[in-house]
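Worksheet: one structure, shown below.
Residues take their numbers from the sequence shown, with the count starting at 1.
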Amino acid sequence: MKMTRTEQPVVKATEIPNPLASRKADPFGAEVDEDALNRLREDCGEEFDLVYRSFSHEVTTRLGRILKAVDNGNIIALGYEAHALHSTAATFALSRLGIAAAIIESACRNGDLPRALTQARELPQLAKHAMTALERRLQNAH
């Protein structure tokens, strides 16, 4: 873990706490809460595939906006998009992706742009792993 100018810890994607550590981890290190995913599937019924496609598109869109905010050093846009990604990831039980987004959101809220930017640069890799893990879980469920 390294420190920013304001001495706040910067957490690498691989160091993000795993709230599902007692559960079976997938090979990508991004855990999916299968119970929550199953509840969502039950709640959505026949519409689940549509909801999943919408979710996948939203993650891609949010990541693009986050990276644009990083490029522009826009802490307001970065905080907003991180908050939205945090909520979106929670809906599909992607805990580590949600935690990473929450860390960024918190850094933005506290005015720590260097920390927020550093954390945000970790997101693309983490999101890729999380989405791959989710896709594998969904394929195994069919």
Compare all side-chain heavy atoms of [X] with those of [Y] and state whether any distance is below 4.5 angstrom.
{"X": "Tyr52", "Y": "His57", "result": "no"}
{"X": "Tyr80", "Y": "Arg62", "result": "yes"}
{"X": "Val51", "Y": "Thr91", "result": "no"}
{"X": "Leu67", "Y": "Pro124", "result": "yes"}
{"X": "Phe55", "Y": "Leu94", "result": "yes"}
{"X": "Leu138", "Y": "Arg41", "result": "yes"}
{"X": "Asp43", "Y": "Phe48", "result": "no"}

To the nearest 0.5 Å, tell me how far [X] [atom1] sits from [Y] [atom2].
{"X": "Arg121", "Y": "Asp71", "atom1": "CZ", "atom2": "CG", "value": "8.0 Å"}
{"X": "Leu123", "Y": "Lys128", "atom1": "CG", "atom2": "NZ", "value": "14.5 Å"}
{"X": "Ile103", "Y": "Glu122", "atom1": "CD1", "atom2": "CD", "value": "10.0 Å"}
{"X": "Glu58", "Y": "Arg65", "atom1": "CD", "atom2": "CZ", "value": "8.5 Å"}
{"X": "His129", "Y": "Gln125", "atom1": "NE2", "atom2": "CD", "value": "4.0 Å"}
{"X": "His83", "Y": "Glu105", "atom1": "NE2", "atom2": "CD", "value": "5.5 Å"}

Ile104 and side-chain contact (heavy atoms from CB on, under 4.5 Å): which single residue from Leu85, Leu78, Ile99, Val70 fits?
Leu78

Option from Leu117, Thr118, Leu113, Asp112 for which side-chain contact (heavy atoms from CB on, under 4.5 Å) with Arg115 holds
Asp112

Nearest atoms (heavy-atom pairs only) where [X] meets [Y]:
{"X": "Ala120", "Y": "Ile66", "result": "CB-CG2, 4.0 Å"}
{"X": "Ala100", "Y": "Leu126", "result": "CB-CD2, 3.4 Å"}
{"X": "His86", "Y": "Ala101", "result": "N-CB, 3.6 Å"}
{"X": "Cys108", "Y": "Ala116", "result": "SG-CB, 3.7 Å"}

Looking at Ile76, I'd like to know if its CD1 atom is crowded, meaning that more than 12 non-hydrogen atoms belonging to other residues, nucleotides or ligands lie closer than 6.0 Å.
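Open.
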
Worked check of side chain to side chain contact (heavy atoms under 4.5 Å, CB included) between Phe92 and Leu97
CA-CA 10 Å; Phe92 266 83; Leu97 182 60; over 6 Å; no

Side-chain (Thr88) to main-chain (Ala84) donor-acceptor, under 3.5 angstrom
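Yes; at least one donor-acceptor contact below 3.5 Å.
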
